[in-house]
Amino acid sequence: MQLATWNVNSLKVRLPQVLQWLQSNPVDVLCLQELKLTDDKFPITTLEAAGYRSFFAGQKTYNGVAILVREGNAIDTASLVANNPLFADEQKRLLALTVNGVRVICGYFPNGQAVGSEKYQYKLAWLDALHNWIALEMQQHAQLALLGDYNIAPEDRDVHDPAAWEGMVHVSPPERERFFKLAQLGLVDVFRQFEQPEKSYSWWDYRMMGFRRNHGLRIDLILLTPPLAQRCTACTVDKTPRAWEQPSDHAPVVATLNLL
DNA sequence: ATGGCTTGCACCGCAAGA
């Protein structure tokens, strides 16, 4: 079983790339973030024709998350939950669905804009509420995967220039503390279970030739509970689509599990 | 030098992302 996450920065613009990527990477579950479209505009039938069933929570202009599941996988449709029930939120950033007995949670964590801003306060409150909800979900599901755009680079090795980023949003100590508190619930950042190229990132700034110069951050993560982490045989960033014409600024991240 | 691109929305420029 393969799980993947990709912040597409507009599904309307990136749909052809999602379809192209799925053709050569027929993962079982693909979590998408930043759909930037309302539910009535979601390309259900196009993805169905490509062999994927769609679950989504969209909104106009901003945010929006989806879980695509390849046909043949066992979906518990009654298990679908949009948003954190412990956190009243107009923004569509979380979607949970049980697939093959795995609790898949797709997250688009808040950006936070700037340390000390109102959006930063929202980010910290959102992270606190996420922690509490994931703790509850883990009581119900031994096999849980939390994957998405965390908008937090956990460690300095996840940042191309840690000195330049010091104290900034995405790396500030309060954000990282919350990330590690979340991980301490018993979630493993499986990318780090394996040997990886030096300076591996998942996002690169559109400006200043960020991708060509590998000026990036690793903020798109796959965290798994131990029963899944133990069965994880690979986790990679696929930089291929970042080099395509009109790319998303994020690359997909894929985890392979020895299940079923 | 606090920008640099890209997107959506709406209107000819802005907010927001990271």
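Just so it is clear, the values below take in all heavy atoms, side chains as well, and ignore hydrogens, waters and symmetry mates. Since the model is a prediction, treat every value here as computed from it, not as a measurement. Labels below follow one simple rule: chain letters A, B, ... track the order of the sequence lines, proteins then strands, and each chain is numbered from 1.
Residues Leu259(A) and Asn100(A) fail the side-chain proximity criterion, which asks for heavy atoms closer than 4.5 Å.
What separates CG of Leu15(A) from P of dG8(B) is a distance of 12 Å, to the nearest Å. Rounded to a whole Å, the CG atom of Asp205(A) is 14 Å from the P atom of dT7(B). Straight-line distance from the NZ atom of Lys36(A) to the C1' atom of dA18(B): 11 Å, rounded to whole Å. For Leu221(A) and dA18(B), the CG to P distance is 13 Å, given to the nearest whole Å. Atom-to-atom, CD of Gln91(A) to P of dA16(B) comes out at 11 Å; the value is rounded to the nearest Å. Protein atom CZ of Phe109(A) is 16 Å distant from nucleotide atom P of dG17(B), rounded to whole Å. Rounded to an integer number of Å, the gap from CZ of Arg207(A) to C1' of dT6(B) is 10 Å. Atom CH2 in Trp165(A) sits roughly 13 Å away from atom C1' in dT2(B) (whole-Å rounding).
Contacts of Tyr108(A) with the nucleic acid, taken as non-hydrogen atoms under 4.0 Å apart, involve only primed sugar atoms and P, OP1 or OP2. Ile219(A) comes within 4.0 angstrom of sugar-phosphate atoms only, judged by non-hydrogen atoms across all strands, and of no base. Asn111(A) comes within 4.0 angstrom of a nucleotide base, judged by non-hydrogen atoms across all strands. Using a 4.0 Å heavy-atom cutoff across all strands shown, Val169(A) reaches no nucleic acid atom at all. Asp220(A) comes within 4.0 angstrom of nothing in the nucleic acid, heavy atoms only.
Taking atom P in both dC12(B) and dT2(B), one finds a spacing of 25 Å when rounded to whole Å. Rounded to whole Å, the P atom of dA1(B) lies 26 Å from the corresponding atom of dA16(B). For the C1' atoms, the distance from dA15(B) to dC11(B) is 14 Å, rounded to whole Å.
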* Worked verdict on Ser172(A) versus Glu175(A) for side-chain hydrogen bond (donor to acceptor under 3.5 Å, both in side chains) -> CA-CA 6 Å; Ser172(A) 73; Glu175(A) 294 166 74; 2.5 Å; yes

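The only member of Asn63(A), Leu130(A), Val65(A) that meets side-chain contact (heavy atoms from CB on, under 4.5 Å) when paired with Leu94(A) is Leu130(A). If you run side-chain contact (heavy atoms from CB on, under 4.5 Å) between Leu30(A) and each of Val8(A), Val254(A), Val69(A), Val18(A), only Val18(A) comes through.
Residues of residues 244-251 of chain A that place a heavy atom closer than 4.0 Å to DNA chain B, in numerical order, are Gln246(A), His250(A). For the contact set between residues 54-66 of chain A and DNA chain B, defined by any heavy atom under 4.0 Å, the members are Lys60(A), Thr61(A), Tyr62(A).
Evaluation of the side chain to side chain donor-acceptor pair (under 3.5 Å) rule for Tyr62(A) yields no partner, not counting sequence neighbours. With sequence neighbours excluded, the residues that form a side chain to side chain donor-acceptor pair (under 3.5 Å) with Arg207(A) are Asp205(A). Scanning for side chain to side chain donor-acceptor pair (under 3.5 Å) contacts around Ser248(A) gives an empty result, with sequence neighbours left out. Listed by chain and number, the residues in a ring pair (Phe, Tyr, Trp, His ring centres under 6.0 Å) with Phe109(A) are Trp126(A), Tyr150(A) (sequence neighbours excluded).
Along DNA chain B, the nucleotide closest to Leu35(A) and the one closest to Leu217(A) are compared, and the more 5′ of them pairs with Leu35(A). Both Lys12(A) and Asn7(A) sit near DNA chain B, but only Lys12(A) has its closest nucleotide nearer the 5' end.
Remark: the backbone N or O of Ser79(A) is paired with a side-chain donor or acceptor of Arg103(A) at under 3.5 angstrom.
The aromatic rings of Trp165(A) and His160(A) lie perpendicular to each other, with more than 60° between the two planes, well past the 30° mark. Aromatic ring pairs are classed by plane angle as parallel below 30°, tilted from 30° to 60° and perpendicular above 60°; the pair Phe87(A) and Tyr122(A) is tilted.
Taking side-chain N and O atoms only, Ser10(A) has a distance below 4.0 Å to OP1 or OP2 of dG8(B). Considering only side-chain N and O atoms, Asn9(A) lies nowhere under 4.0 angstrom from the phosphate OP1 or OP2 of dT7(B).
Comparing dC5(B), dA18(B), dG8(B) by their nearest atom to the side chain of Tyr206(A) picks out dC5(B).
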